[in-house]
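Below you'll find the structure, written out as structure tokens, and then a few comments.
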Amino acid sequence: MRRGAAGAGRRAVGAVLERHEIEALVVLAEELHFGRTAERLGVSTSRVSQTVRGLERRVGVRLFDRTSRRVALTPAGRRLAAEVGPAWALIGAAVDRAVREGRGVTGTLRAAFTGAAGGQLLAGAARLARSREPGLRVVLREARPGEVAAWLRDGEAEVCLVEFPAGAPWDGADNRAAGLVDGGADGGADARADVGGIRHVDGHADGRVEGGQVDGGDVGRLDRRPDGRVDGAGVEVGPVLVREARMLAVPAGHPFARRGSVPVGELARVRVLDPPSRRGGTLQEALTLVGAGEGVLPVSAHVRRYHARPDVAYVPLDGAPPVEWGLVWRAGGDSARVRAFVRAARDLLDVS
């Protein structure tokens, strides 16, 4: 009884394919040429032929039809290659990941921002990431607000700091449906971290934010969906890194400039300019239009600090939900480098 079980076990083991057999099957199924297969595998053509013959004997069926002029898969060979190939690719990828993890995170990560404030935040995250992963190089690039989605899609950047979601009370949309939440449910403000002037601030339930300037960055705005994707960009989003109050940029001589704050409802009385992410221009261009009396512009609170101008006044926008900033990356592009950078940004701002 015991001897019979051992024999059955030996037969089962004998049916398992060896690594060199799987590689020969998968590569020859792709190349359909013994010479090119041998070159890719770094062995001789006779070695490939010998391996394929042995494999066919092992499985008991012909896998390739071959003559002096051509090589073709048999129906059985096509099925076997189709089932074994993807599994072998997954095994190879898993081994590669294990090797990379053993060596630490290496290579170059391209991170994008728009504006000095966003650059300050990403610079801090880059320093922390490099201190943890000495083999990681982070290249910071400045993008125009409307370029973020294209940069991610085209590989110009692997991760970007953005403002989300788009949509605002003055757009006439349902803000909750658009994802414009009112901050923390506990109604309290929580300044979690202050690193080099960058502060993470939670909003009140009524949409206001307490705390000082939040140096998040005047980044491109994208529509955030409930499933975590960003509409129109094919990207995934990380956690909210910073929240800050909304303010209204108005001409210095405008009646609003003499107010302590402006309720959101009063924006119906004035011309509200499109943000740079919609106009395709820069924040400085939009502020120049404000200073020239062309209209008013809702902005993030940090703009008052980074873009002080004699022809523009900044007034708190009462009743508006806070602006939220976070990192986004291309769907399926969460590499070890991206994950390390996102962790560094979260830890820099103490975001749970």
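Source: prediction; values computed, not measured.
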*asked:* Has Arg246 got a side-chain atom pairing as donor or acceptor with Pro298's backbone, closer than 3.5 angstrom?
replied: no

*Nearest 0.5 Å please: distance from the CD atom of Glu30 over to the CG atom of Leu73.*
10.5 Å

_Reported CZ-to-CG distance for the pair Phe341 and Leu348, which is rounded to 0.5 angstrom_ = 9.5 Å

*Any side-chain heavy atom of Asp65 within less than 4.5 Å of one from Val71?*
no

_I need the minimum non-hydrogen distance between Ala24 and Thr37, along with the two atoms involved._
O-CG2, 4.4 Å

*Return the orientation label for the His302 and Tyr306 ring planes: parallel under 30°, perpendicular over 60°, tilted otherwise.*
perpendicular

_I'd like to know if the side chain of Arg58 and the backbone of Leu17 have a donor-acceptor N/O pair within less than 3.5 Å._
no

*Output, in order, the C-alpha distance, side-chain angles, deciding distance and verdict of side-chain contact (heavy atoms from CB on, under 4.5 Å) for Val48 and Val27.*
CA-CA 10 Å; Val48 175; Val27 177; over 6 Å; no

*Can any side-chain N or O of Thr74 pair as donor or acceptor with the backbone N or O of Arg62 at less than 3.5 Å?*
yes

*Which atoms form the tightest heavy-atom contact between Ala125 and Ala344, and what is the distance?*
O-CB, 3.6 Å

*What distance separates Ser68 OG from Arg70 CZ, expressed to the nearest 0.5 Å?*
11.0 Å

*Tell me, do Thr106 and Leu136 make a side-chain contact under 4.5 Å, heavy atoms counted?*
no

*Short question: side chain of Arg110, backbone of Gly155 - any donor-acceptor pair under 3.5 Å?*
yes

*So, do Glu56 and Val61 sit near enough that their side-chain heavy atoms are less than 4.5 Å apart?*
no

*Measure the CE-OH distance between Met247 and Tyr314 for me, rounded to the nearest 0.5 Å.*
9.5 Å

*asked:* What's the separation between atom CG in Leu297 and atom CG in Leu289, rounded to the nearest 0.5 Å?
replied: 9.0 Å

*Hey, does the side chain of Arg36 reach the backbone of Glu31 with a donor-acceptor pair shorter than 3.5 angstrom?*
yes

*Under 4.5 Å between side-chain heavy atoms, hopping through other hydrophobics if needed: is there a path connecting Val138 to Val105?*
yes

_Can you confirm whether Arg144 sits close enough to Thr114 that some side-chain heavy atom of one is under 4.5 Å from a side-chain heavy atom of the other?_
no

*asked:* Within the structure provided, determine whether Glu244 and Pro322 are in side-chain contact (heavy-atom separation under 4.5 Å).
replied: no

*Just how far is it from atom CZ of Phe113 to atom CZ of Arg141, taken to the nearest 0.5 Å?*
10.0 Å

*Does Arg330 pair with Glu158 as a salt bridge, N-O distance under 4.0 Å?*
no

*Arg259 bridged to Asp318 by N-O distance under 4.0 Å*: no

_Shortest non-hydrogen contact from Leu25 toward Leu55_ = CB-CD2, 3.9 Å

*Do side-chain atoms of Arg243 reach the backbone of Trp325 as a donor and acceptor pair under 3.5 angstrom?*
no

_If I compare all heavy atoms of Gly319 with all of Val264, which pair ends up nearest, and what's the gap?_
C-CG2, 3.7 Å

*Around atom CD of Glu285, are there more than 12 heavy atoms of other residues, nucleotides or ligands at under 6.0 Å?*
yes

*Is there a donor-acceptor contact under 3.5 Å from the side chain of Ser300 to the main chain of Val303?*
no

*asked:* Is it the case that the side chain of Glu266 and the backbone of Pro263 share a donor-acceptor pair, with hydrogens and angles ignored and the cut-off at 3.5 Å?
replied: no

*asked:* Could you tell me if the side chain of Val290 sits less than 4.5 Å from the side chain of Leu273, heavy atoms only?
replied: yes

*Do we see a donor-acceptor contact under 3.5 Å between the side chains of Arg53 and Ser49?*
yes

*Considering only heavy atoms from C-beta outward, does the side chain of Gln284 approach that of His307 to under 4.5 Å?*
yes

*Any Leu109 side-chain heavy atom under 4.5 Å of Arg137 side chain*: no

*What is the minimum heavy-atom distance between Ala111 and Leu122, and which atoms define it?*
CB-CD1, 4.2 Å

*State whether a side-chain donor-acceptor pair under 3.5 Å links Trp88 with Glu23.*
no

*Any idea which heavy atoms bring Pro86 and Ala81 closest together, and the distance?*
CD-O, 4.1 Å

